[in-house]
Number of protein chains: 2
Amino acid sequence: MTDIEVVDLLRAHGIRPSAHRVAIALYVLGNETHPSAETVLRNVRERLPVISRATVYNTLNLMNEKGLLRQHPFGPGTVFDSNVSRHHHFIDSETGEMRDVPWEKLSVSGLDSIKDAEITDYMIVIRGRFKKREA
Amino acid sequence: MTDIEVVDLLRAHGIRPSAHRVAIALYVLGNETHPSAETVLRNVRERLPVISRATVYNTLNLMNEKGLLRQHPFGPGTVFDSNVSRHHHFIDSETGEMRDVPWEKLSVSGLDSIKDAEITDYMIVIRGRFKKREA
DNA sequence: ATGGAAGATAGACTAGTTCCAGATCTTGAC
DNA sequence: GTCAAGATCTGGAACTAGTCTATCTTCCAT
């Protein structure tokens, strides 16, 4: 993802694209992993040494509000997910590593039997071990 | 649940049943809610005024390790669940309140399509609002 | 250029959790 | 019962995640 694309994306979501915000968005959106705020801070600082923790939190929360990313309270601490379309999650129980599972791959039945609550969203959280692929 | 039952349960899970541990287990296991460590501490202190935060954390972690309860990193902070049988979760998005959803009520299909990982456990996490019941 | 709004900053602050070193309690062998 | 060894508990320090605040800067319309 280029700087220009990120700037447009931020604007399209009503976020003024300051240099800091662009740097943060570049890192988070161009990233398939599920970084924590701390990880974002560390990585953004490599490009932009002067940026405070508060700015990172502010920006991530803002992007979350505006629908540019999702926040998940898995593992210890919150983690951010640049994939805002619906999907499920697989969490490696040893390493804590998270991977997305495509929405279509799994399906849930019985949700209509829940009568005493209004459902706005749901996801399947799977725990287990990734099979090693490295030779 | 009686003291005796708790003592036996702890022993059955390889946990030496000290007075403090019994008090904590009595509270957590006889409780359908999903208390935080702080809530546990507060409540146990009513019966056992001298107990340190560290002991509560140690004991809860120990019980978690030994399979007497589960730890969920939902919402802000960790929450403990005395229901160790399989079940799903509904989280009220306003209040953060968590309720268990019986395992049989929902079902997931497609799990066998996951080839690159070994599944040890899974659950459905639903977010939404409880409908008010109070008049 | 000027003034106001939005943005960014550092650092203080809070909450949650773990770590640690010493004090205390249990247990089993005698 | 007594004692040593080991398990447990304690308070507080330390660490981590996240929020808040006061201040300074930038941007933009006028």
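Because the structure is a prediction, the values reported are computed rather than measured. Chain letters run A, B, ... following the sequence lines, proteins first, then strands; residues in each count from 1.
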Original post:
Taking everything shown except Arg86(B) itself, do over 12 heavy atoms lie less than 6.0 Å from its CZ?
Top reply: yes
Atom CD of residue position Glu118(A) - does it have more than 12 heavy atoms of other residues, nucleotides or ligands inside 6.0 Å?
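Open: at most 12 neighbouring heavy atoms sit under 6.0 Å from CD of Glu118(A).
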Given atom [atom1] of [X] and atom [atom2] of [N], what is their separation to the nearest angstrom?
X: Gln71(B); N: dT18(C); atom1: CD; atom2: C1'; value: 12 Å
X: Glu65(B); N: dT18(C); atom1: CD; atom2: C1'; value: 14 Å
X: Ile24(B); N: dC9(D); atom1: CD1; atom2: C1'; value: 10 Å
X: Leu62(B); N: dT17(C); atom1: CG; atom2: P; value: 17 Å
X: Phe80(B); N: dG16(C); atom1: CZ; atom2: P; value: 12 Å

Does Tyr122(B) have its ring centroid less than 6.0 Å away from the ring centroid of Phe90(A)?
->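 Ring centroids of Tyr122(B) and Phe90(A) are no less than 6.0 Å from each other.
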* According to a strict under-4.0 Å criterion, is Ser18(B) in side-chain N/O contact with OP1 or OP2 of dC9(D)? -> yes
- [ ] Give a yes/no answer on whether the side chain of Arg21(B) brings an N or O atom under 4.0 Å of OP1 or OP2 in dC9(D).
- [x] yes
Shorter than 3.5 Å, N or O on both sides, protein versus nucleotides 10-17 of chain D: list them out with atom names.
unit_1, atom_1, unit_2, atom_2, d
dT10(D), OP1, His20(B), NE2, 3.1
dT10(D), OP1, Val50(B), O, 2.5
dT10(D), OP2, Ser52(B), N, 3.0
dT10(D), OP2, Thr55(B), OG1, 2.5

For Lys115(A) and Asp112(A), the nearest pair of non-hydrogen atoms, with its separation, is NZ-O, 3.1 Å
Polar-atom pairs under 3.5 Å, protein N or O versus N or O of nucleotides 25-30 of chain D: list them with distances, or write none.
none

>> Apply side-chain contact (heavy atoms from CB on, under 4.5 Å) to residues Arg45(A) and Ile51(A) and explain how you reach the verdict.
In response: CA-CA 7 Å; Arg45(A) 271 194 174 151; Ile51(A) 185 166; 3.6 Å; yes
So the side chain to side chain donor-acceptor pair (under 3.5 Å) pairs with at least one residue in residues 49-60 of chain A (sequence neighbours excluded) are Glu38(A)-Arg53(A), Ser52(A)-Thr55(A)
Partner of Val28(B) under side chain to side chain contact (heavy atoms under 4.5 Å, CB included), picked from Val6(B), Val44(B), Leu60(B), is Leu60(B)
query = Just checking, is any N or O donor in the side chain of Asn83(B) or His34(B) under 3.5 Å from an acceptor N or O on the other one?
reply =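 Short answer, no.
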